[in-house]
Amino acid sequence: MPLALLALAVGAFGLGTTEFVMMGLLPDVADDLGISIPTAGHLVSAYALGVVIGAPLLAAVTARMSRRKVLIGLMGLFVVGNAASAFAPGEYALLAARFVSGLPHGAFFGVGAVVATGMVAPERKARSVSLMFLGLTLANIAGVPVATLMGQHLGWRATFLGVSAIGLAAIASLALLIPHDHTQAPRVGLRGEVAALRSLPVWLALGTTVAGFGALFAAYSYITPMLTDAAGYADSSVTVLLALFGVGATAGNLLGGRLADHSLRGTLFGGLTSLVVVLALFPVLMSTQWSAALAVVLLGTAAFVTGSPLQLMVMEKASAAPSLASSANQAAFNLANAGGAWIGGLALAAGLGVTSPALTGAGLAVLGLGVAAVATAVDRRRVAAAPAGRERVIATHLPEQAEAVRH
């Protein structure tokens, strides 16, 4: 694998750290700014809103630029947003800074996935994407806990200065390692990029992302009360257990990348099915401490097995303009974050029990399987309906991607 993938992973590490660290800093930020914790929670939403808006917007407006320059520019915006967060004088300035910090998130992963797959042989595309995402999963193991401790001992502003330093390291890595000869975007322009999103297969792939990762966040958003109220863990143990989730996510991400290079759809269906099983077993697994710890690891593994296949599927469905579609998939991921947490919260509010969000997540994963099945049927119908005299390449993945139906 090219060393340039390390530069993408460094950027992903910074993005993952700043996205999730705010959850651990909310009490400190609230006390310092004199606001309530629920009000401080809007800072999490501001970042997510920035991702949803910035992912397709920045990918579209930079469609005709060198992808290398785009990646460096996006990390520059990331540094500006986090530095502004560190020096924000009040609540509203911090809200704006968090929004700016979120703007480059989706576009970086979207454009980065296109660059990563362009630097490797076709049979290694999924693994290249998984190595970029490795920075995101490692952020949950090391970046977020370290940044949280930094904020608790040095002040929350020091955390964002530290994240800005990671961004500067990512810029240096990108400038040094990303080659010029693999980064020029095709001259499709804004209209061509937007046209790529009109395809039904693209929307079905995005829908699978929303449902599949919505299943994850329906449960993960409420993992702390499950671990403390159902499994009986002390509050002080939760940080270690969340690091176990990061371990599982890292393993699932690497496994999914390797498996998807052999069968993209098989890996996707296998991952979603595993997610259904794990979430359905949560009420049982949360009954003892050892099985609860196992459940946390299995949740991360099952969910992130699907990460690389979903990213690659969206890119293949919009092959004429993959940057915008790939970035839109990151926006879909954040919609899944917000939507899954909301749906899981409805189950809790209805008094269905502390583990009920996991069961709602299992239902969402079943929905994801259904959407993926519809996408498969649409692909097969399009192949069967290919005009006579033309070659129709099946848009799944190697070795299926090499298969063609000749009429």
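Starting from 1, each residue takes its place in the sequence as its number. None of these values were measured; they are calculated from a predicted model.
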How far apart are the closest heavy atoms of [X] and [Y], and which atoms are they?
X: Tyr222; Y: Gly344; result: CE1-C, 3.7 Å
X: Val100; Y: Gly81; result: CG1-CA, 4.0 Å
X: Leu227; Y: Ala292; result: CD2-CB, 4.1 Å
X: Leu264; Y: Pro309; result: CD2-O, 3.9 Å
X: Thr17; Y: Ala147; result: CG2-CB, 3.9 Å
X: Phe282; Y: Ala358; result: CB-CB, 3.5 Å

Criterion ring pair (Phe, Tyr, Trp, His ring centres under 6.0 Å) on Phe245 and Tyr220, from CA distance to verdict: CA-CA 9 Å; Phe245 173 83; Tyr220 187 66; 4.1 Å; yes
Using 0.5 Å steps for rounding, measure from the [atom1] atom of [X] to the [atom2] atom of [Y].
X: Leu310; Y: Leu268; atom1: CG; atom2: CG; answer: 5.0 Å
X: Leu254; Y: Leu131; atom1: CG; atom2: CG; answer: 6.5 Å
X: Ile223; Y: Met286; atom1: CD1; atom2: CE; answer: 4.0 Å
X: Ile343; Y: Leu348; atom1: CD1; atom2: CG; answer: 13.0 Å
X: Leu259; Y: His262; atom1: CG; atom2: NE2; answer: 7.0 Å
X: Leu312; Y: Lys125; atom1: CG; atom2: NZ; answer: 7.0 Å

If we ignore angles and hydrogens, is there a donor and acceptor under 3.5 Å between the side chains of Ser130 and Asn253?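 Per modelled atom types, Ser130 and Asn253 side chains form no pair under 3.5 Å.
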Phe133 ring center within less than 6.0 Å of Phe304 ring center: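 Ring centres of Phe133 and Phe304 not closer than 6.0 Å.
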Check: His105 ring centre within less than 6.0 Å of Phe78 ring centre: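 Ring-ring flag for His105/Phe78: false, centres at least 6.0 Å apart.
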Report the C-alpha distance between Leu8 and Phe108 in whole Å, list the side-chain angles of each, state the deciding distance to 0.1 Å, and finish with yes or no for side-chain contact (heavy atoms from CB on, under 4.5 Å). CA-CA 9 Å; Leu8 296 174; Phe108 182 89; 4.3 Å; yes
So, do Tyr233 and Leu241 sit near enough that their side-chain heavy atoms are less than 4.5 Å apart?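 When only atoms from C-beta onward are counted, Leu241 and Tyr233 do touch, with a gap below 4.5 Å.
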Arg157 atom CZ, neighbour heavy-atom count above 12 within 6.0 Å: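 Counting other residues, nucleotides and ligands, CZ of Arg157 exceeds 12 neighbours.
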So Tyr47 and Thr18, side-chain contact (heavy atoms from CB on, under 4.5 Å) or not? Walk me through it. CA-CA 9 Å; Tyr47 186 93; Thr18 199; 3.6 Å; yes
When the side chains of residues 203-217 are checked against the rest of the protein, which donor-acceptor pairs come out under 3.5 Å, sequence neighbours left out?
residue : atom : partner : partner atom : Å
Trp203  : NE1  : Leu197  : O            : 2.4
Thr208  : OG1  : Leu204  : O            : 2.9
Thr209  : OG1  : Ala205  : O            : 3.4
Thr209  : OG1  : Asn329  : OD1          : 2.6

Walk me through it: do Ile178 and Arg67 pass the test side-chain contact (heavy atoms from CB on, under 4.5 Å)? CA-CA 10 Å; Ile178 298 294; Arg67 287 173 178 149; over 6 Å; no
